[in-house]
Asker: 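This is the structure, below, for whatever I ask next.
Note that the structure is a prediction, hence the values are computed from the model and not measured.
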Amino acid sequence: MGWTETTRRRYCRAGQRDANALTDRKWALIEPFLPGTKTTGRPRTTELRAVVDALLYIAWTGCQWRALPDRFPPVSTVQRYFCAWRDNGLWKTINFHLVAAARLALGREASPSAGVIDSQSAKTTDVAGLRG
(Lines give C-alpha, C1' and ligand atoms only; values in the text may rest on other atoms or scores of the structure.)
Protein backbone atom coordinates (compact mmCIF):
# COMPACT_ATOMS: atom_id res chain seq x y z
CA MET A 1 0.00 0.00 0.00
CA GLY A 2 1.45 3.34 -1.03
CA TRP A 3 1.27 6.76 0.56
CA THR A 4 -1.91 8.73 0.02
CA GLU A 5 -2.41 12.45 0.55
CA THR A 6 -4.28 11.66 3.78
CA THR A 7 -1.48 9.56 5.20
CA ARG A 8 1.15 12.05 4.07
CA ARG A 9 -0.62 14.83 6.00
CA ARG A 10 -1.14 12.59 9.02
CA TYR A 11 2.50 11.56 9.32
CA CYS A 12 4.09 14.76 8.03
CA ARG A 13 6.86 16.02 10.31
CA ALA A 14 7.81 19.08 8.26
CA GLY A 15 9.03 21.84 10.53
CA GLN A 16 9.79 19.46 13.39
CA ARG A 17 13.36 19.13 14.49
CA ASP A 18 13.29 15.77 16.23
CA ALA A 19 11.68 12.43 15.49
CA ASN A 20 10.15 12.45 18.97
CA ALA A 21 8.65 15.96 18.69
CA LEU A 22 4.92 16.19 19.25
CA THR A 23 2.69 16.36 16.21
CA ASP A 24 -0.16 18.88 16.26
CA ARG A 25 -2.61 16.03 16.82
CA LYS A 26 -0.71 14.71 19.86
CA TRP A 27 -0.22 18.21 21.23
CA ALA A 28 -3.97 18.82 21.02
CA LEU A 29 -4.53 15.81 23.29
CA ILE A 30 -2.33 17.01 26.15
CA GLU A 31 -2.51 20.81 25.86
CA PRO A 32 -5.83 21.11 27.76
CA PHE A 33 -4.22 19.56 30.86
CA LEU A 34 -1.30 21.99 31.01
CA PRO A 35 -1.57 25.12 33.16
CA GLY A 36 -2.93 28.23 31.47
CA THR A 37 -1.49 31.71 31.64
CA LYS A 38 -1.53 33.46 35.00
CA THR A 39 -3.44 36.67 35.50
CA THR A 40 -0.83 38.10 37.83
CA GLY A 41 2.94 38.13 37.86
CA ARG A 42 5.40 38.05 35.03
CA PRO A 43 4.05 36.75 31.72
CA ARG A 44 5.31 33.36 30.54
CA THR A 45 8.00 33.61 27.89
CA THR A 46 8.55 29.87 27.39
CA GLU A 47 6.26 27.82 25.16
CA LEU A 48 4.97 24.78 27.02
CA ARG A 49 5.11 22.72 23.83
CA ALA A 50 8.87 23.35 23.68
CA VAL A 51 9.17 22.19 27.30
CA VAL A 52 7.24 18.99 26.59
CA ASP A 53 9.34 18.39 23.46
CA ALA A 54 12.49 18.82 25.55
CA LEU A 55 11.22 16.31 28.12
CA LEU A 56 10.38 13.84 25.37
CA TYR A 57 13.86 14.35 23.92
CA ILE A 58 15.43 13.51 27.29
CA ALA A 59 13.22 10.43 27.69
CA TRP A 60 13.84 9.30 24.10
CA THR A 61 17.61 9.75 24.02
CA GLY A 62 18.40 9.14 27.68
CA CYS A 63 20.69 12.16 27.76
CA GLN A 64 21.53 14.01 30.95
CA TRP A 65 19.73 17.25 31.77
CA ARG A 66 22.84 19.29 31.05
CA ALA A 67 23.23 17.66 27.63
CA LEU A 68 19.92 19.09 26.41
CA PRO A 69 20.57 20.80 23.04
CA ASP A 70 20.38 24.59 22.80
CA ARG A 71 17.33 24.48 20.53
CA PHE A 72 15.22 23.70 23.61
CA PRO A 73 14.45 26.07 26.50
CA PRO A 74 17.12 26.40 29.22
CA VAL A 75 17.76 23.27 31.29
CA SER A 76 16.72 24.99 34.51
CA THR A 77 13.37 25.98 32.97
CA VAL A 78 12.65 22.49 31.63
CA GLN A 79 13.65 20.92 34.94
CA ARG A 80 11.50 23.36 36.94
CA TYR A 81 8.42 22.60 34.85
CA PHE A 82 9.07 18.85 35.04
CA CYS A 83 9.39 18.89 38.84
CA ALA A 84 6.33 21.09 39.29
CA TRP A 85 4.20 18.89 37.05
CA ARG A 86 5.51 15.75 38.75
CA ASP A 87 4.80 17.10 42.22
CA ASN A 88 1.27 18.32 41.46
CA GLY A 89 0.30 15.04 39.74
CA LEU A 90 -0.08 16.44 36.23
CA TRP A 91 1.81 13.55 34.60
CA LYS A 92 -0.45 11.00 36.32
CA THR A 93 -3.54 12.92 35.20
CA ILE A 94 -2.36 13.11 31.59
CA ASN A 95 -1.44 9.41 31.60
CA PHE A 96 -4.82 8.42 33.07
CA HIS A 97 -6.76 10.36 30.43
CA LEU A 98 -4.61 9.14 27.53
CA VAL A 99 -5.01 5.52 28.62
CA ALA A 100 -8.77 5.98 29.00
CA ALA A 101 -9.01 7.60 25.54
CA ALA A 102 -6.96 4.80 23.96
CA ARG A 103 -9.15 2.15 25.59
CA LEU A 104 -12.34 3.88 24.41
CA ALA A 105 -10.92 4.11 20.88
CA LEU A 106 -10.43 0.33 20.96
CA GLY A 107 -14.06 -0.20 22.04
CA ARG A 108 -13.23 -1.08 25.64
CA GLU A 109 -14.32 0.47 28.91
CA ALA A 110 -12.28 3.49 29.97
CA SER A 111 -10.92 1.78 33.10
CA PRO A 112 -9.72 -1.82 33.18
CA SER A 113 -11.89 -4.16 35.22
CA ALA A 114 -9.13 -6.59 36.17
CA GLY A 115 -5.38 -6.87 36.39
CA VAL A 116 -3.06 -9.84 35.96
CA ILE A 117 0.25 -10.40 37.69
CA ASP A 118 2.42 -13.11 36.21
CA SER A 119 4.26 -15.16 38.81
CA GLN A 120 7.37 -15.07 36.62
CA SER A 121 7.55 -11.30 36.87
CA ALA A 122 6.52 -10.93 40.53
CA LYS A 123 9.62 -10.50 42.67
CA THR A 124 10.05 -12.21 46.02
CA THR A 125 12.68 -12.09 48.71
CA ASP A 126 15.62 -14.46 48.83
CA VAL A 127 14.39 -15.73 52.21
CA ALA A 128 11.19 -17.18 50.77
CA GLY A 129 12.98 -20.07 49.09
CA LEU A 130 11.50 -22.29 46.41
CA ARG A 131 7.74 -22.62 46.36
CA GLY A 132 5.37 -24.17 43.90
Side-chain angles (χ1 to χ4, degrees):
M1 180 165 93
W3 286 92
T4 65
E5 284 306 312
T6 304
T7 55
R8 283 186 194 284
R9 281 192 305 273
R10 182 176 178 191
Y11 294 103
C12 178
R13 294 199 171 267
Q16 293 181 350
R17 290 180 277 233
D18 298 307
N20 64 304
L22 288 172
T23 61
D24 291 338
R25 187 172 166 208
K26 291 177 183 177
W27 174 246
L29 291 173
I30 66 168
E31 184 181 20
F33 298 104
L34 299 177
T37 58
K38 295 181 181 179
T39 56
T40 60
R42 221 170 100 198
R44 181 185 298 147
T45 58
T46 303
E47 291 184 32
L48 295 183
R49 185 171 181 167
V51 172
V52 174
D53 280 342
L55 293 170
L56 291 174
Y57 180 85
I58 290 171
W60 185 57
T61 62
C63 75
Q64 292 88 7
W65 286 101
R66 292 286 170 199
L68 194 63
D70 291 336
R71 64 181 173 268
F72 295 113
V75 172
S76 58
T77 303
V78 175
Q79 206 167 29
R80 182 173 43 85
Y81 275 108
F82 171 75
C83 292
W85 294 344
R86 178 199 60 201
D87 294 345
N88 71 13
L90 182 67
W91 292 121
K92 289 181 182 179
T93 302
I94 291 173
N95 184 59
F96 174 80
H97 286 286
L98 290 178
V99 168
R103 289 181 59 83
L104 288 173
L106 293 172
R108 300 170 136 181
E109 291 185 32
S111 296
S113 57
V116 177
I117 298 176
D118 183 2
S119 64
Q120 294 295 319
S121 59
K123 303 292 184 206
T124 64
T125 62
D126 291 332
V127 179
L130 296 174
R131 303 217 177 200

Asker: Using side-chain contact (heavy atoms from CB on, under 4.5 Å), reason through V78 and T46 one step at a time and then give a plain yes or no.
Answerer: CA-CA 9 Å; V78 175; T46 303; over 6 Å; no
Asker: For the pair R44 (side chain) and K38 (backbone), establish whether a donor and an acceptor sit closer than 3.5 Å, ignoring hydrogens and angles.
Answerer: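 Pair absent, no side-chain N/O of R44 close to backbone of K38.
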Asker: To the closest 0.5 Å, what do you measure between CG (L56) and CG (L22)?
Answerer: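 So the CG of L56 and the CG of L22 are separated by 5.0 Å.
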Asker: May I ask you to check whether over 12 heavy atoms, not counting those of F33, lie within 6.0 Å of atom CZ?
Answerer: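 For F33, atom CZ is crowded (more than 12 foreign heavy atoms under 6.0 Å).
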Asker: List, one per line, each side-chain donor-acceptor pair under 3.5 Å for residues 97-111, sequence neighbours excluded.
Answerer:
residue: R103; atom: NE; partner: E109; partner atom: O; Å: 2.8
residue: R103; atom: NE; partner: A110; partner atom: O; Å: 3.4
residue: R103; atom: NH2; partner: E109; partner atom: O; Å: 3.4

Asker: Can you see which heavy atom on P32 is nearest to which on A28, and at what distance?
Answerer: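 Scanning both residues, the minimum pair turns out to be CD-O, 3.3 Å.
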Asker: Is a side-chain N or O of T77 found less than 3.5 angstrom from the main chain of P73, in a donor-acceptor match?
Answerer: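 Side chain of T77 to backbone of P73: no pair is present.
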Asker: Could you measure the distance from the CD atom of Q79 to the CG atom of L55? Nearest 0.5 Å is fine.
Answerer: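 Going from the CD atom of Q79 to the CG atom of L55 covers 10.0 Å.
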Asker: Considering all heavy atoms of both residues, which atom of L48 and which atom of P35 are nearest to each other, and what is their separation?
Answerer: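 Of all heavy-atom pairs spanning L48 and P35, the closest is CD1-O, 3.5 Å.
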Asker: Same cluster or not: are I94 and W60 linked, directly or through other Ile, Leu, Val, Met, Phe, Trp or Tyr residues, by side-chain heavy atoms under 4.5 angstrom apart?
Answerer: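 No, I94 and W60 fall in different hydrophobic clusters.
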Asker: Does the T61 side chain pair with the main chain of Y57, one donor and one acceptor, at a distance under 3.5 Å?
Answerer: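 Yes; judged by distance alone, with no hydrogens or angles, the pair exists.
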Asker: For V52 and W27: C-alpha separation, side-chain torsions, deciding distance, then whether side-chain contact (heavy atoms from CB on, under 4.5 Å) applies.
Answerer: CA-CA 9 Å; V52 174; W27 174 246; 4.0 Å; yes
Asker: Could you check whether the rings of W85 and W91 sit parallel, tilted or perpendicular, using 30° and 60° as the cut-offs?
Answerer: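 Answer is perpendicular, since the angle exceeds 60°.
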Asker: In this structure, would L29 and F96 fall into the same cluster of hydrophobic residues linked by side-chain contacts under 4.5 Å?
Answerer: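 In one cluster: no.
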Asker: Please confirm whether the backbone N or O of F72 pairs with a side-chain atom of D53, one donor and one acceptor, at under 3.5 Å?
Answerer: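 No; zero donor-acceptor contacts below 3.5 Å.
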Asker: Given the rule in the salt bridge (Lys or Arg N to Asp or Glu O under 4.0 Å) test, do D24 and R9 qualify, once you have shown the distances and angles that lead to the verdict?
Answerer: CA-CA 11 Å; D24 291 338; R9 281 192 305 273; over 6 Å; no
